Amino acid sequence: MLSRDDVESKLRGYLEDMFEIPAAKITPQARLYEDLDLDSIDAVDLVVKLQELTGRKLKVEEFKSVRTVGDVIDRVHAVLAE
């Protein structure tokens, strides 16, 4: 199973590669929409990448309450732990 650090590392890579977000802006406290300028379509693209990472179907609804990079890491880690 992927560790929390693995999930964070992969997420950072996705945010940098897919959305060209500077690494320095990607912190656990960074807000996806306000700080990183993601939109709802970006969020769906990110969920698709995370599904590939986890090998599990992730419900977009599960990510509706996600606000920060740390929230995404927590959510993905929780799915992996199920």
Side-chain angles (χ1 to χ4, degrees):
M1 183 174 120
L2 291 168
S3 73
R4 215 183 138 70
D5 289 342
D6 294 335
V7 172
E8 182 173 354
S9 173
K10 289 285 190 191
L11 179 60
R12 285 175 172 281
Y14 296 153
L15 291 168
E16 288 175 39
D17 297 343
M18 294 168 59
F19 309 113
E20 298 174 1
I21 297 171
K25 287 182 78 173
I26 305 170
T27 66
Q29 299 79 26
R31 294 169 302 172
L32 301 174
Y33 303 106
E34 296 88 342
D35 300 332
L36 304 183
D37 294 326
L38 296 186
D39 62 27
S40 56
I41 294 180
D42 295 336
V44 170
D45 291 342
L46 186 58
V47 169
V48 169
K49 283 303 274 186
L50 294 170
Q51 284 183 166
E52 292 171 13
L53 173 66
T54 61
R56 301 195 183 180
K57 183 92 176 95
L58 303 175
K59 297 180 191 77
V60 175
E61 305 83 66
E62 291 180 334
F63 285 84
K64 287 270 194 267
S65 63
V66 166
R67 295 283 171 260
T68 66
V69 171
D71 292 343
V72 176
I73 295 165
D74 292 342
R75 191 68 220 119
V76 171
H77 201 256
V79 167
L80 289 170
E82 286 171 2

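Only a predicted model underlies this, so the values are computations on that prediction, with no experimental measurement involved.
- Salt bridge annotation for K49-E52: present, with a cationic side-chain nitrogen under 4.0 angstrom from a carboxylate oxygen.
- Counting only heavy atoms from C-beta outward, the side chains of L53 and L11 never approach each other to under 4.5 Å.
- The OG1 atom of T54 lies 12.0 Å from the NZ atom of K10; values are rounded to the nearest 0.5 Å.
- Salt bridge status for E8 with R12: present, with a side-chain N to carboxylate O gap under 4.0 Å.
- Of the candidates D71, L32, V76, F63 forms a side chain to side chain contact (heavy atoms under 4.5 Å, CB included) with just one, namely V76.
- Although no hydrogens or angles enter the test, the distance criterion places no donor-acceptor pair under 3.5 Å between the side chain of K25 and the main chain of A30.
- D42 contributes atom CG, which lies 7.5 Å from atom CD1 of I21 (distance to the nearest 0.5 angstrom).
- Heavy-atom minimum distance, Y33 versus A43: OH-CB, 3.6 Å.
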How far apart are the C-alpha atoms of R4 and D74, what are their side-chain angles, what is the distance that settles it, and do they pass the side chain to side chain contact (heavy atoms under 4.5 Å, CB included) test?
CA-CA 8 Å; R4 215 183 138 70; D74 292 342; 2.6 Å; yes

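- Other residues, nucleotides and ligands contribute more than 12 heavy atoms inside 6.0 Å of the CD atom of E34.
- Of the possible polar contacts, one joining the Q51 side chain to the L58 backbone as a donor-acceptor pair under 3.5 Å is found.
- In the hydrophobic clustering of this structure, Y14 does not group with V48; members are Ile, Leu, Val, Met, Phe, Trp, Tyr whose side-chain heavy atoms approach within less than 4.5 Å, directly or through other members.
- Rounding to the nearest 0.5 Å gives a distance of 12.0 Å between CZ of F19 and CG of D37.
- In this structure, the separation between CD1 on I73 and CG on L50 is 10.0 Å, given to the nearest 0.5 Å.
- Two residues are said to be in side-chain contact when any heavy atoms from C-beta on lie closer than 4.5 Å; R31 and T68 meet this criterion.
- Counting heavy atoms from C-beta on, the side chains of H77 and M1 come closer than 4.5 Å.
- Distance check, rounded to the nearest 0.5 Å: CG of L80 to CG of L2 gives 5.5 Å.
- Hydrophobic clustering, with ILVMFWY side chains joined whenever heavy atoms are under 4.5 angstrom apart, groups L15 together with M18.
- At a cut-off of 3.5 Å, with distance as the only test, no side-chain donor of D6 or S9 sits close to an acceptor on the other residue.
- Of the possible polar contacts, one joining the R56 side chain to the V79 backbone as a donor-acceptor pair under 3.5 Å is found.
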